[in-house]
Amino acid sequence: MGLFYDTHSLFVYISEYIKEDNREYRWNSSAMATFYVVLLVVGGILNQIETLPISLVVASIFIPLAVLYPLYQAQKAVNFALESVEYPDNSRLTWLNWIWIGLFCFYWAMIIYALTLLV
């Protein structure tokens, strides 16, 4: 229950922060928070089941990727909210970001390779 409440309160806080500056940003914070939590719960459930039909195996692979969408929308809203504040620009990727991206790609390449061995 904490994950649901914390995610919603964070996303609503972002929306309220924007409204305090009398600005408007079009995004449904509640829907994005719900979508995020549902994807995490479904992904967690699918990861606990030992034998899955192939369609659910594929779904369990792509659910972590789908989680990125609500997080991306929230990050865009945060960037919009903080436009008026003097913060350093965070739109460029650093060498550490590229290392994480490389590890992420390697991880998914190994998963896809393992799946090809199962078929």
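Source: prediction; values computed, not measured.
- Between Glu16 atom CD and Ser29 atom OG the span is 8.0 Å, to the nearest 0.5 Å.
- Checked against the 6.0 Å centroid threshold, Phe11 and Trp27 count as a close aromatic pair.
- Residue pairs meeting the side chain to side chain donor-acceptor pair (under 3.5 Å) criterion with at least one member in residues 97-114, sequence neighbours excluded, are Thr94-Asn97.
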request  = Start with the C-alpha gap between Ile61 and Leu115, add the side-chain angles, then the distance that decides, and say whether side-chain contact (heavy atoms from CB on, under 4.5 Å) holds.
outcome  = CA-CA 10 Å; Ile61 291 171; Leu115 285 174; 2.7 Å; yes

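- The nearest pair of heavy atoms linking Ala77 to Ile14 is CB-CG2, 3.7 Å.
- Here the side chain of Arg23 pairs a donor or acceptor atom with the backbone of Phe80 at under 3.5 angstrom.
- Nearest heavy-atom pair across Gly43 and Ile63 is CA-CG2, 4.0 Å.
- Leu103 and Trp95 end up in the same hydrophobic cluster when Ile, Leu, Val, Met, Phe, Trp and Tyr side chains are linked at under 4.5 Å.
- Val78 and Leu93 fall into different hydrophobic clusters, where Ile, Leu, Val, Met, Phe, Trp and Tyr side chains are chained together by heavy-atom contacts under 4.5 Å.
- Using a 4.5 Å heavy-atom threshold, the side chains of Asn79 and Glu83 count as separate.
- Screening Thr7, Val67, Asp6 against Val37 for a side-chain contact (heavy atoms from CB on, under 4.5 Å) leaves a single residue, Thr7.
- By the side-chain contact (heavy atoms from CB on, under 4.5 Å) test, Tyr69 is found to be paired with Met32, Phe35, Gln73, residues two or more places apart in sequence or in another chain being considered.
- Interatomic distance, CD1 of Ile45 versus CG of Leu56, reported as 11.5 Å (0.5 Å rounding).
- Under a 4.0 Å N-O distance rule, the pair Lys19/Glu24 does not qualify as a salt bridge.
- Criterion: ILVMFWY side-chain heavy atoms under 4.5 Å apart, direct or through other members. Under it, Val41 and Val38 are part of a common hydrophobic cluster.
- Hydrophobic clustering places Tyr36 together with Tyr13 (ILVMFWY residues linked when any side-chain heavy atoms are closer than 4.5 Å, directly or through intermediates).
- Grouping the Ile, Leu, Val, Met, Phe, Trp and Tyr side chains by contacts below 4.5 angstrom, directly or via other members, places Leu71 with Leu65.
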